[in-house]
J.: 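Dropping the structure in here first, questions after.
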There are 2 protein chains.
Amino acid sequence: MTKPQLDRGAGKPSRRERVREATLAEIKGIARRHLVEQGAAGVSLRAIAREMGMTAPGLYRYVSGIDSLLVLITADMFEELAAAVAAADASVPSEDTDLRILTSLRAFRSWAVTHRAEFATMFGPRVRLAPGTDLTPALEAGRRFGATFYTLFDRLLSEERFPLPEGDRITPGLARELRAFADTCGFSAPHIPVEAIMVLSTCWVRLYGVVCMEVFEHLDFVMHDMEPLFESELQNILTGLGVRYQTP
Amino acid sequence: MTKPQLDRGAGKPSRRERVREATLAEIKGIARRHLVEQGAAGVSLRAIAREMGMTAPGLYRYVSGIDSLLVLITADMFEELAAAVAAADASVPSEDTDLRILTSLRAFRSWAVTHRAEFATMFGPRVRLAPGTDLTPALEAGRRFGATFYTLFDRLLSEERFPLPEGDRITPGLARELRAFADTCGFSAPHIPVEAIMVLSTCWVRLYGVVCMEVFEHLDFVMHDMEPLFESELQNILTGLGVRYQTP
DNA sequence: CGCTTTAGTGAACGCCGTTAGCAAACACCG
DNA sequence: CGGTGTTTGCTAACGGCGTTCACTAAAGCG
């Protein structure tokens, strides 16, 4: 009687679509757990299928291959990271721009060090994927993640917290690249000068550097706790942006 | 008559040792080429053996497994990178500290972008190696590579080019980590204050950040030529060190 | 009910790392 | 020279992997 009619296109998902979605979610969930427990090399379709009580070829109904599965979960992880940062941002009074920035950046590092395998997949070299793999879903999600920071930075900018560097330090080539960067990221409102994009890029590169160094464990045989170095670098970065730093 | 006697221990390598060494070099050479041509995932004992006209188990006489082979070539690559930087350094007048630093850092980036697969293996997350793999050879070589920069920095330090940051910005925790860092790296001559080590770390992190970002191609869908950004960051870093920057 | 679309299976192919047992080549010694 | 122990490389085999193909069974739908 109340069985679903064919209300495709705009209506609710059919039963089939729901169970299909659930199965896909299960696949991604197990893949994600394997990623965490055994690293990227430990994610395999056969192992996932085995754990689900299926056979590997069955997974091809849901995913077009191991590479595309990895891209899918990478996209999920970007969403998750963005949500974690946004949650931290929302946990402090919205007027306190300084604290919001500080909290967001700390949340970024914090997520990274508690999700090392994920971070390596998202921000490390693409070592597992065959060249030519379609990265669209991950790139899309990455772009959305970036937007989290653009809005914070935009606010900082409109509050005129820091002096922009002199334009003559920006070579024409750099200016062109920065423009391209801003355009593609949807961060090129007309009021944003190229000098500001330059500052943003520099900050991002520095943040990326500390966090990568920590997560990839390239100093861990020599420095056992990287948090102090991160905090110090964070202080440097924020001070340059005219943002008030306070110890955690 | 002139056949080699048993002058083991201190004398020249025996014939056996020489051919053995040559075979190992061939193995590493092919592995390296596969790494460059197909990425880390494309390095396999079977493929190497096939190309050498051998079978895979035969390689186990030379290498204790794929992981240890990867560690070996990683060590080689560190040596090579160190040599490339040293060569660039030696190509400019030794009195001109400013130019030596500038040249060395550019050489680092230059090697990285022309050896992307190698750089990813050396400086990226250890995604291919089973946890627990013995990394000693690579770590050793990495340490020697680091020394290249310490000496340059040490010179800069003794010339008192830049003011050290105030000590009160260095928390006790950070100071402890920095000391550990310097000790393990053999960069802890008594005249080096902890503030200097801090500056060195910061610079290294920033350099690492730009280069990783470029090599891992995390902005390449948005910024097609990263050199201007690198040069800009380089200028920032060097200016902070009191080193004269000049465009390439 | 019958037809179509979908989900999942089993077998197969060709890769991979790694182990064990065995035969040839080699280096050395008397 | 012959004998002996070591080094080298092979074959065979095990288990794991991604992926394709042909096929069955179920679900959805009119």
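Numbered from 1 within each chain, the chains take letters A, B, ... in sequence-line order. Treat the numbers as computed from the prediction; the structure is a model and nothing was measured.
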J.: Which part of the nucleic acid, if any, lies within contact of B:A56, taking any heavy atom under 4.0 Å across all strands shown: a base, the sugar-phosphate backbone alone, or nothing?
T.: base

J.: Reading DNA chain D from 5' onward, which residue's closest nucleotide shows up sooner: B:M54 or B:R16?
T.: B:R16

J.: Given atom CD of B:Q38 and atom C1' of C:dC15, what is their separation to the nearest angstrom?
T.: 12 Å

J.: Tell me whether the side-chain N or O atoms of B:R61 pair up with the base of D:dG9 as donor and acceptor below 3.5 Å, since no angle test is needed here.
T.: yes

J.: Remember a base hit wins even if backbone is also touched, and classify A:G53 as base, sugar-phosphate or nothing at under 4.0 Å, heavy atoms.
T.: sugar-phosphate

J.: Examine distances only and state if a side-chain atom of B:S232 and a backbone atom of B:P228 form a donor-acceptor pair shorter than 3.5 Å.
T.: no

J.: In whole angstrom, what separates B:I48's CD1 from D:dG9's C1'?
T.: 16 Å

J.: How about B:H218 and A:R126: do any of their side-chain heavy atoms sit closer than 4.5 Å?
T.: yes

J.: To the nearest angstrom, how far is B:L24 atom CG from D:dT8 atom P?
T.: 11 Å

J.: How long is the line joining CG of A:L59 and P of C:dT6, in whole Å?
T.: 18 Å

J.: Evaluate the side-chain proximity of A:Y208 to A:W204: yes if any heavy-atom separation is below 4.5 Å, no if none is.
T.: yes

J.: Please determine whether a side-chain nitrogen or oxygen atom of A:Y60 lies at a distance below 4.0 Å from atom OP1 or OP2 of D:dT19.
T.: yes

J.: With a 4.0 Å limit, can you tell me whether B:T55 has a side-chain N or O closer than that to the phosphate oxygens OP1/OP2 of D:dG9?
T.: no

J.: How are the rings of B:F181 and B:Y150 set relative to one another: parallel (under 30°), tilted (30 to 60°) or perpendicular (over 60°)?
T.: perpendicular

J.: To the side chain of B:P57, which of C:dT18, C:dG10, C:dC16 is closest?
T.: C:dT18

J.: In whole angstroms, how far is the C1' atom of D:dC14 from the CZ atom of B:R46?
T.: 11 Å

J.: Please compare B:S64 and A:Y62 by the position of their nearest nucleotide in DNA chain C and report the one closer to 5'.
T.: A:Y62

J.: Where does the angle between the aromatic ring planes of B:F123 and B:F108 fall among parallel (under 30°), tilted (30 to 60°) and perpendicular (over 60°)?
T.: perpendicular

J.: Nearest whole Å is fine: how far is D:dA27 P from A:R18 CZ?
T.: 15 Å

J.: Atom CD1 of A:I66 to atom C1' of D:dT20: distance rounded to whole Å?
T.: 16 Å

J.: Find the distance A:E26:CD to C:dA7:C1' and express it as a whole number of Å.
T.: 14 Å

